[in-house]
J.: 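Below you will find the structure I want to go over with you.
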Amino acid sequence: MSNTAQHLIGLLLGAEEDWPQAFEALLRRVGPVADKTGTTHEFGSERLTIEPFDLNDPVRVGLVIDRLAYWYYHPREWLKKAALMNGTYLLNSPFTFQSMEKHSAYCAMLRLGLKIPRTVLVPYKNPVDNVRWAYTSAKYNKTFDLDAIADDLGYPMYMKPFDGGGWRGVSRIKNRDDLHQAYDESGEMLMHLQATVEYDKFARALSIGAETMVMDFRPDEPMHNRYAVSHDFLSPSAGHQAVAISRIVNAFFGWEFNSCEMLVKGDSVHPIDYANACPDVAVTSLHYYFPWAIGALVKWSVFCLATGRRTKVDLHTERYFAIADDESLDYDAKLDGYLALADEYFETARYHEWCAEHLPHFDEQLVDWVSSPDFDRLLRETVAATYPAHEQEEFLAHFRGLIGLWVSEQSQP
């Protein structure tokens with residue numbers, strides 16, 4: 001006898017409307033999925049509200065896509081309760097994404113021997129808001145020479161907050177005047193000084209579950225033009241490393257919806273930013289890559305629920321450290337060892353096999369929806385909400401052209 005399993009996906013949202021509407025529309029197209037045990041899986045979604053909760057309250061949603069808790073503490077604590085007490089599946093662990101903190105991610109990847117630029121954490125410029133500050137500072141804060149640290153790292157360099165936050169407080173430091181101005185303006189932000197790397201390409205990889213898209217990113221361009229549609233902008237070796245590093249970072253920390261930024265010089269890949277609790281998935285910035293991103297998000301969510309994948313709170317970092325400490329392995333061999341652990345975490349092979357068997361027509365449905373009037377309505381509404389009235393037709397044509405290119409390429413045999 002067959003039975004039916006109802007699965008509800010919770011969307012924990014801030015101010016976004018474009019990708020949630022796209023996710024909801026595509027999820028409706030998935031339909032029932034039957035597995036080999038005779039169980040039919042049906043999927044729905046719900047936008048979650050924020051309200052008081054008893055720690056013993058049941059949780060109706062089986063999986064949550066969180067875009068809010070990295071700055072809003074009340075839903076963050078609900079996510080922790082849901083994961084620990086109710087087994088709710090979370091695409092990003094709220095335990096390791098506690099403050100969207102870059103510092104511990106740098107430390108962990110340095111421990112694995114990845115090519116992180118030299119980084120120094122300097123004390124606060126201004127006193128922190130604590131009555132014990134004056135005594136502690138006078139007794140224990142050691143004086144330091146900021147210029148000497150910078151000279152040792154070498155100009156140019158970057159000063160940026162240790163916990164990140166959407167390019168907040170990031171300064172390119174070309175000389176001592178820049179250094180002191182940036183440090184004076186940092187106030188109560190705790191800052192890293194990081195050496196720069198002369199690079200050929202700035203790569204940004206968006207990872208969703210077992211899938212990763214590495215994109216040619218141009219940070220100095222306006223947001224609508226930052227992602228270049230460039231398929232072979234990295235060498236095969238650098239492209240492999242970029243995918244591997246992104247997936248390794250995510251598996252190490254239990255992150256399944258994250259972006260990673262890397263500076264690439266020839267075949268050498270240097271990660272510089274890879275803890276993004278709310279990675280960019282806006283249609284007005286991703287454009288060409290937007291359909292892939294939402295399709296991957298739907299497929300990974302459905303796969304996790306239908307296969308009974310469980311949230312992993314423990315990280316088992318010692319397995320990575322054993323590879324890091326194996327002196328018989330060179331850099332490439334260690335990277336491959338880490339990637340094997342990451343693919344084990346993400347069940348990469350099983351995920352692709354499952355999608356091929358149970359969602360065989362999903363990619364066609366994705367192309368069909370992106371070509372539909374419903375998607376064009378979403379695009380028009382997003383452009384209208386994002387740009388001034390006199391620029392809207394220009395931007396609408398821009399995004400229609402890029403997304404039309406994606407549809408055309410997907411439709412080729």
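For reference, positions follow the sequence shown, starting with 1. The structure presented is a predicted model; accordingly, all values stated were derived computationally and were not measured. Basis for what follows: all heavy atoms, side chains included, without hydrogens, waters or symmetry-related copies.
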J.: Indicate yes or no for a side-chain donor-acceptor contact from Ser371 to the backbone of Val367 under 3.5 Å, with no hydrogens or angles considered.
T.: yes
J.: For the pair Asp280 (side chain) and Ala282 (backbone), establish whether a donor and an acceptor sit closer than 3.5 Å, ignoring hydrogens and angles.
T.: yes
J.: Please check this pair: side chain of His270 against backbone of Leu263, looking for a donor-acceptor N/O pair closer than 3.5 Å.
T.: no
J.: Is any side-chain heavy atom of Leu297 closer than 4.5 Å to one of Leu26?
T.: no
J.: Does Asn92 use its side chain to pair, donor to acceptor, with the backbone of Phe257 at less than 3.5 Å?
T.: yes
J.: To the nearest 0.5 angstrom, please state how far the CZ atom of Arg319 sits from the OH atom of Tyr338.
T.: 13.0 Å
J.: Are the ring centres of His192 and Tyr158 closer than 6.0 Å?
T.: no
J.: What are the two closest non-hydrogen atoms of Thr311 and Leu90, and how far apart are they?
T.: OG1-N, 3.2 Å
J.: Which pair of non-hydrogen atoms, one from His41 and one from Ala306, has the smallest distance, and what is that distance?
T.: CE1-O, 3.4 Å
J.: Between Thr37 and Thr39, is any side-chain donor less than 3.5 angstrom from a side-chain acceptor?
T.: yes
J.: Given the rule in the salt bridge (charged side-chain N to carboxylate O under 4.0 Å, His left out) test, do Arg29 and Asp368 qualify, once you have shown the distances and angles that lead to the verdict?
T.: CA-CA 10 Å; Arg29 293 193 172 214; Asp368 181 67; 2.7 Å; yes
J.: Surrounding NE2 of His352 (heavy atoms of other residues, nucleotides or ligands, distance under 6.0 Å), is the total greater than 12?
T.: yes
J.: Report yes or no: is the cationic atom of Arg309 (NZ for Lys, CZ for Arg) under 6.0 Å from the centre of the six-membered ring of Tyr345, at an angle within 45° of the ring normal?
T.: yes
J.: Shortest non-hydrogen contact from Ala22 to Leu378?
T.: N-CD1, 3.7 Å
J.: Please round to the nearest 0.5 Å and tell me the distance separating atom CD of Gln6 and atom OG1 of Thr40.
T.: 10.0 Å
J.: Less than 4.5 Å apart, any side-chain heavy atom of Val298 and any of Phe43?
T.: no
J.: Short question: side chain of Ser171, backbone of Ile173 - any donor-acceptor pair under 3.5 Å?
T.: no
J.: Please check this pair: side chain of Asp200 against backbone of Gly266, looking for a donor-acceptor N/O pair closer than 3.5 Å.
T.: yes
J.: Check whether the side chains of Tyr387 and Glu394 place a donor and an acceptor atom closer than 3.5 Å, and report yes or no.
T.: no
J.: Check this for me: Arg132, atom CZ, are more than 12 non-hydrogen atoms of other residues, nucleotides or ligands nearer than 6.0 Å?
T.: no
J.: Less than 4.5 Å apart, any side-chain heavy atom of Val281 and any of Arg67?
T.: yes
J.: Arg118 and Asp152: side-chain contact (heavy atoms from CB on, under 4.5 Å), yes or no, with the steps?
T.: CA-CA 10 Å; Arg118 279 192 63 202; Asp152 185 50; 2.8 Å; yes
J.: Kindly determine whether Tyr331 and Gln241 satisfy side-chain contact (heavy atoms from CB on, under 4.5 Å), including the steps that lead there.
T.: CA-CA 11 Å; Tyr331 179 80; Gln241 291 177 60; 3.9 Å; yes
J.: Nearest 0.5 angstrom please: Thr317 OG1 to Phe321 CZ, how far?
T.: 4.5 Å
J.: Under 6.0 Å between ring centres: does that hold for Phe395 and His287?
T.: no
J.: May I have the step-by-step check of salt bridge (charged side-chain N to carboxylate O under 4.0 Å, His left out) for Asp57 and Lys81, ending in yes or no?
T.: CA-CA 9 Å; Asp57 283 346; Lys81 163 261 192 301; over 6 Å; no
J.: Should Val302 and Lys299 count as side-chain neighbours, where that means a heavy-atom distance under 4.5 Å?
T.: no
J.: Do other residues, nucleotides or ligands put more than 12 heavy atoms under 6.0 Å from the CG atom of Asp232?
T.: no
J.: Within a 6.0 Å radius of atom CD on Glu46, are there more than 12 heavy atoms belonging to other residues, nucleotides or ligands?
T.: yes
J.: Under 4.5 Å between any side-chain heavy atoms of Trp78 and Leu48, yes or no?
T.: yes
J.: Angle between ring planes, His74 versus Tyr72, binned at 30° and 60°: parallel, tilted or perpendicular?
T.: tilted
J.: Answer yes or no: is there a donor N or O on one side and an acceptor on the other, between the side chain of Ser372 and the main chain of Trp369, under 3.5 Å?
T.: yes
J.: Do Val283 and Ile294 have side chains that get closer than 4.5 Å, going by heavy atoms?
T.: no
J.: Is Arg218 salt-bridged to Glu221, cutoff N-O under 4.0 Å?
T.: no
J.: So do the side chains of Trp19 and Leu13 get within less than 4.5 Å of each other, counting heavy atoms only?
T.: yes
J.: If you measure from the Lys or Arg side-chain nitrogens to the Asp or Glu carboxylate oxygens, is any gap between Arg247 and Asp343 under 4.0 Å?
T.: yes
J.: I'd like to know whether CZ of Arg60 has more than 12 heavy-atom contacts from other residues, nucleotides or ligands below 6.0 angstrom.
T.: no
J.: Ignoring hydrogens and angles, tell me if any N or O in the side chain of Tyr274 forms a donor-acceptor pair with the backbone of Ala105 under 3.5 Å.
T.: yes
J.: Have Arg204 and Tyr227 got a donor and an acceptor in their side chains that come within less than 3.5 Å?
T.: yes
J.: List the atom of Thr307, the atom of Arg350, and the distance in Å for their closest heavy-atom pair.
T.: CB-NH2, 3.5 Å
J.: Taking the side chain from Asn258 and the backbone from Asn250, do they hold a donor-acceptor pair closer than 3.5 Å?
T.: no
J.: What is the distance from atom CG of Leu11 to atom CD1 of Ile9, rounded to the nearest 0.5 Å?
T.: 7.5 Å
J.: Quick check on the 6.0 Å ring-centre criterion: do Trp300 and Phe303 meet it?
T.: yes
J.: Measure the CD1-CG distance between Ile323 and Leu112 for me, rounded to the nearest 0.5 Å.
T.: 8.5 Å
J.: Any chance you could lay out the salt bridge (charged side-chain N to carboxylate O under 4.0 Å, His left out) test for Lys125 and Asp184, step after step, and finish with the verdict?
T.: CA-CA 6 Å; Lys125 170 63 180 180; Asp184 289 345; 3.1 Å; yes
J.: Does Asp326 use its side chain to pair, donor to acceptor, with the backbone of Ser328 at less than 3.5 Å?
T.: yes
J.: Could you report the tightest heavy-atom contact between Cys304 and Leu63, atom names first, then the distance?
T.: CB-CD1, 3.8 Å
J.: Using the side-chain contact (heavy atoms from CB on, under 4.5 Å) rule, take Met159 and Leu193 through it: C-alpha gap first, then chi angles, then the decisive distance, then the call.
T.: CA-CA 5 Å; Met159 183 181 290; Leu193 282 176; 3.6 Å; yes
J.: Set out, in order, the CA-CA distance, both residues' side-chain angles and the distance that settles salt bridge (charged side-chain N to carboxylate O under 4.0 Å, His left out) for Lys334 and Asp325, then state yes or no.
T.: CA-CA 9 Å; Lys334 288 181 179 181; Asp325 295 337; over 6 Å; no
J.: Would you call the rings of Phe217 and Phe202 parallel, tilted or perpendicular, taking 30° and 60° as the class edges?
T.: tilted
J.: Identify the two heavy atoms, one from Tyr288 and one from Ile403, that lie closest to each other, and give their separation to 0.1 Å.
T.: N-CG1, 4.3 Å
J.: Run the salt-bridge test on Glu393 and Arg400 with the 4.0 Å N-O cut-off and return the result as yes or no.
T.: no
J.: Could you tell me whether Glu318 atom CD has more than 12 heavy atoms of other residues or ligands within 6.0 Å of it?
T.: yes
J.: Starting at NZ of Lys80, measure out to OG1 of Thr88 and round the result to the nearest 0.5 Å.
T.: 15.0 Å
J.: Using the rule given for side-chain contact (heavy atoms from CB on, under 4.5 Å), can you reason through Phe23 versus Ser301, listing the C-alpha separation, both sets of side-chain angles and the distance that settles it, and then say yes or no?
T.: CA-CA 10 Å; Phe23 182 91; Ser301 300; 4.0 Å; yes
